[in-house]
2 protein chains.
Amino acid sequence: MNEETLQQALRTADNLCTQRGVRFTAQRRRVLELICRAERPIGAYEILDQLRAGAKAAPPTVYRALDFLLEQGFVHKLETLHAFIGCTHPEHPHASQFLICSDCGRVKELEDEAIAGSLRALEDANGFRPKRPVIEVIGTCAHCTHRHTQS
Amino acid sequence: MNEETLQQALRTADNLCTQRGVRFTAQRRRVLELICRAERPIGAYEILDQLRAGAKAAPPTVYRALDFLLEQGFVHKLETLHAFIGCTHPEHPHASQFLICSDCGRVKELEDEAIAGSLRALEDANGFRPKRPVIEVIGTCAHCTHRHTQS
DNA sequence: TCGTTTTCGGAATATTATAACCCCTGGGGA
DNA sequence: TCCCCAGGGGTTATAATATTCCGAAAACGA
């Protein structure tokens, strides 16, 4: 994420927090910034290490900020990686799908209506009330597949 | 899983191992049995505790058996729970979806063609080569929803 | 300003997973 | 027969991820 996009993301988060009556504290802002600056999903302890460069910090510091950011929908947790990424459209709640490249480590966040629809149908057929869908596909991205073919 | 189903599952696993030229050792059999006997997903350390009731055991013992059972497709790992369940149809490879009830803890394994299809479409559109899809929905099952409505 | 709630610091500990090393056993070939 | 060697497994230690708990400080609301 480039500098401009980052600043935009932080402003958006700030505005949403104001709207929602919750506090976008310096700590939370710093953690969101670290996650957004990372090109790839970043682990809680990596965030911790970076926080420690500036001040003292312990695991709960990071996990508290992460809990907040997850609740507000500013970041997503990738369960298969135990890592976090910034959300690409935090304005509205949504169920995303993630394509995770195990080669380069990059992740693509998607919001596909067909998948959301068939998932809804499946849930309805089973009388199941969804709270949190987790859809992550581990594989190889187009770029890495192409790279392998060439060499 | 009742006793008969359990025995059937163990026989199936045994046969598949013979077909595939891999060894269904006593250790692996025991771990599969413990997983199948559990009504709910069971964690690696719960399995370990149960193994310890009969003999000495350490984490690698369990994780080695789990790795084998996962490779052979005899069990599934639920990433959101860090826990394992027996596969309901280990004969053929497949991508399943899991409906996880956060109330009673039970899990339903499904193989829905519509979801598999839209996921494939999504992957194709992005030039992504899937290796392992993870689809887990956390929510409330029909039974628990009904129970809440009554009381 | 006072009292309440939320946030934060920090130590300790829980939970999940892997690394590294060694030994044993069973099967194949010289 | 002997040797080797590959897979399986025992054991200790440690890594990686996450939470609990206590108490102080800061922010908010009346």
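Numbered from 1 within each chain, the chains take letters A, B, ... in sequence-line order. Given the structure is predicted, the values throughout are model-derived calculations rather than measurements.
Residues Phe68(B) and His82(A) each lie close to DNA chain D; by heavy-atom proximity, the contact nearer the 5' end of the strand is made by Phe68(B). Where Asp67(B) and Ala57(A) meet DNA chain C, the nucleotide closest to each residue was compared, and Ala57(A) sits on the side nearer the 5' end. Comparing Arg64(B) and Leu81(B) along DNA chain C, the residue whose closest nucleotide (by nearest heavy atom) sits nearer the 5' end is Leu81(B).
With a 4.5 Å cut-off on side-chain heavy atoms, Phe98(A) and Leu78(A) count as touching. Phe128(B) has its side chain out of reach of Cys144(A): every pair of non-hydrogen atoms, C-beta onward, lies at least 4.5 Å apart. Using a 4.5 Å heavy-atom threshold, the side chains of His143(A) and Cys104(A) count as separate.
Note: CG (Leu66(B)) to P (dT18(C)) measures 10 Å, nearest angstrom. Residue Ile47(A) contributes atom CD1, which lies 11 Å from atom P of dT17(D) at whole-angstrom precision. Note: CG (Leu48(B)) to P (dT12(D)) measures 13 Å, nearest angstrom. Between Glu71(A) atom CD and dT6(C) atom P the separation is 12 Å, expressed in whole Å. Separating the CD atom of Glu79(B) from the P atom of dA16(D) is a distance of 18 Å, rounded to the nearest angstrom. Taking atom CG of Leu51(A) as the reference point, atom P of dG9(C) lies 9 Å away to the nearest angstrom. Protein atom CZ of Arg30(B) is 13 Å distant from nucleotide atom C1' of dG10(D), rounded to whole Å. Counting to the nearest Å, the P atom of dT17(D) and the CG atom of Leu78(A) are 13 Å from each other.
At the heavy-atom level, Arg23(B) lies under 4.0 Å from the strands shown only through sugar-phosphate atoms.
Of all nucleotides listed (dT20(D), dT18(C), dG10(D)), dG10(D) comes nearest to the side chain of Gln27(B). Nearest nucleotide to the side chain of Lys77(A), out of dA18(D), dG8(D), dG10(C): dA18(D). Here dT19(D) is the nucleotide among dT19(D), dT11(D), dG9(C) with the atom lying nearest to any side-chain atom of Pro60(A). Nearest nucleotide to the Tyr63(B) side chain, out of dT17(D), dT16(C), dC8(C): dT16(C).
Judged by the 6.0 Å and 45° rule, Arg29(B) forms no cation-pi pair with Phe24(B).
No donor-acceptor contact under 3.5 Å links the side chain of Arg28(B) to the base of dG9(D).
Arg20(A) places a side-chain N or O within donor-acceptor distance of the main-chain N or O of Gln72(A), the cut-off being under 3.5 Å.
Contact check, Thr61(A) against dC8(C): no side-chain N or O comes under 4.0 Å of OP1 or OP2.
In this structure, Tyr45(B) forms no aromatic stack with the base of dT15(C), since the conditions of centre separation below 5.5 Å and plane angle below 30° are not both met.
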